[in-house]
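Let me begin by presenting the structure, written as structure tokens, before commenting on it.
No experiment lies behind these values; they were computed from the predicted model shown.
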Amino acid sequence: MIVSAFIIAIGFGIIAPILPQYASDFGVSAMAVSAVVSAFGLFRLLFAPASGKLTQMLGETPVYTIGLLIVAASMIATAYAPTYELLLIFRAVGGIGSTFFTVSAMTFLARKAPPQIRGKVSGAYASAFLIGNVAGPLVGSGLLVFGPRVPFLVYGAALVVAALVVFVMLRRSRLEDRKTGDTRQKATLAEAWSVRGYRAALTAGFANGWATFGLRNSVVPLFAASAFAGSAWFTHNPWLEPGQLAGLALSVFAAGNVATVMIFSRRSDHWGRRPPIIWGLIIAGLATGTLGLAPEPWTLLFLSLMAGAGTGLIVPAQQAALADVVGQGRNGGSVVSTFQMTQDLGAIVGPLVAGLIVDQFGYVWAFALTGLIMMVGAAAWSRAPETLQRQG
């Protein structure tokens, strides 16, 4: 799973800074560009319940592999999209595959990770994604010299490789599940909803989806590519173009993620889940909320680094908190898929609302609203009890 996550992340990082500009080349508005990101999230949301049920029926590894292949096909189709409408459809189909492999992976890790090292395991998995996200945007910017279609084709090929890795390396686990059947006790959504920490996780997941998977992948690249165009900064740095600044900003964000995850992820097994989630939401909220006020590219990169560091505190601890709610050895497909749906809802609403605000009022207000929403997530967790059950 970790090897596959690294491969997926490099591919996703390749297209993340390129997709908004690719969509804008069809001559559409900022809101329409954001809709390409939201369509991906919308279909993740719509198919999240199905992904949870399929995971319970077929097992984690088959659903994971199928999901990767669906996204691979959608990427290849995206590369040759002749119109904006077809681009929107191809990205939407990719969202179906994405929710398949995301929910199945989270369910697999919740089942396999012992309680005392859940934070460490979640951190290792998150680190693989984040390290790939550091390199991906830089690679994607470099691939643009070969044409706008090449990054999407490379990502599609990377997903096929990731599917082969999972199919081969988890073959024994897949065969054992098929032989013995799934006799695990199921964690119900009603049971999870009764836990205040789970409700806090849903609130924070919505905020993180809005900021990290929505606004950062839609509005930030547009802001980085347009806000500083023609400034003296590029005169003194002729090796970097405004469009490439978007990739650099996403890479710096991912670098902040990696550094924080590698240092602090396992600490949630000792400190608890709440402190890193709350502080992460506050740090990321402040950095993202002031992003639109960045007077020059260096400030943009610094705030991106801080936002990434804050997000690096949130994700592993929140995944570990979900595993706490599900419980060791239980099937938590519906619990995990509901969390994923909530996060995807944020990723859908965030780009659309932010794109509309950008069109009407400018970038400053779009970023400020996002920072406020992340603070709401921090407030929800501040009122929730700790989910980590201490031994002894």
Side-chain angles (χ1 to χ4, degrees), residues 16-17 19-24 27-42 45 203-231 233 242-243 245-250 252-253 256 278-311 314 342-380:
L19 183 61
Q21 186 60 48
Y22 185 75
S24 68
V28 296
S29 66
M31 185 177 180
V33 170
S34 298
V36 174
V37 177
S38 292
F40 186 84
L42 174 61
L45 173 66
T203 304
F206 176 85
N208 191 46
W210 178 303
T212 302
F213 303 107
L215 179 122
R216 189 156 303 277
N217 291 328
S218 59
V219 176
V220 171
L222 292 177
F223 176 70
S226 62
F228 308 104
S231 67
W233 195 85
L245 179 62
L248 184 57
L250 293 183
V252 169
F253 174 86
I278 293 171
W279 280 108
L281 286 164
I282 291 173
I283 293 169
L286 289 173
T288 304
T290 56
L291 203 62
L293 299 173
E296 58 183 25
W298 283 116
T299 311
L300 168 69
L301 296 179
F302 173 75
L303 291 175
S304 295
L305 180 69
M306 295 305 297
T311 305
I314 301 167
T342 306
Q343 187 164 264
D344 289 340
L345 181 61
I348 296 165
V349 176
L352 293 177
V353 173
L356 179 61
I357 292 174
V358 168
D359 288 335
Q360 299 297 322
F361 305 106
Y363 287 103
V364 172
W365 290 102
F367 289 121
L369 176 61
T370 300
L372 178 63
I373 288 172
M374 297 195 82
M375 293 301 177
V376 172

Exercise. Residues in side-chain contact (heavy atoms from CB on, under 4.5 Å) with Leu286, at least two apart?
Worked result: Ile282, Met375
Show which side-chain atoms of residues 204-211 pair as donor or acceptor with protein atoms under 3.5 Å away, not counting sequence neighbours.
{"residue": "Asn208", "atom": "OD1", "partner": "Thr212", "partner atom": "OG1", "Å": "2.8"}
{"residue": "Trp210", "atom": "NE1", "partner": "Thr370", "partner atom": "OG1", "Å": "3.0"}

Problem set entry | Contact list for residues 346-358, test salt bridge (charged side-chain N to carboxylate O under 4.0 Å, His left out), sequence neighbours left out | none
For this session: Taking ring pair (Phe, Tyr, Trp, His ring centres under 6.0 Å) as the test, write out the residues that go with Phe223, two or more places apart.
Result: Phe228, Tyr363, Phe367
Seminar exercise, completed: Of all heavy-atom pairs linking Gly377 and Leu281, the shortest is C-CD1, 3.4 Å
For this session: Sorted by first residue and then second, give each side-chain hydrogen bond (donor to acceptor under 3.5 Å, both in side chains) pair with at least one member in residues 283-295; sequence neighbours left out.
Result: Arg216-Thr288
Seminar exercise, completed: When rounded to the nearest 0.5 Å, the distance separating CG of Leu215 from CE of Met374 is 10.0 Å
Seminar exercise, completed: On a heavy-atom basis, the closest approach of Ala249 and Ser304 is O-CB, 3.7 Å
Exercise. Quick one: CG on Leu369 to CZ on Phe361, what's the gap to the nearest 0.5 Å?
Worked result: 11.5 Å
Seminar exercise, completed: Sorted by chain and residue number, the side-chain contact (heavy atoms from CB on, under 4.5 Å) partners of Ser29 (sequence neighbours excluded) come out as Met31, Ala32, Asp359
Seminar exercise, completed: All heavy atoms of Ala284 vs all of Ala307, minimum pair found to be CB-O, 3.8 Å
For this session: Could you tell me which residues satisfy side-chain contact (heavy atoms from CB on, under 4.5 Å) with Ala309, sequence neighbours excluded, listed by chain and number?
Result: Thr260
Exercise. If you take all heavy atoms of Ala366 and Val358, which pair is closest and at what distance?
Worked result: CB-CG2, 3.8 Å
Problem set entry | Minimal non-hydrogen separation, Pro351 against Gly346, with atom names | CD-O, 4.1 Å
Problem set entry | Residues which pass side chain to side chain donor-acceptor pair (under 3.5 Å) with Thr203, listed by chain and number, not counting sequence neighbours | none
Problem set entry | Set of residues satisfying side-chain contact (heavy atoms from CB on, under 4.5 Å) with respect to Phe302, sequence neighbours excluded | Met306
Problem set entry | Leu301 to Val252 - nearest heavy-atom pair and separation | O-CG1, 3.2 Å
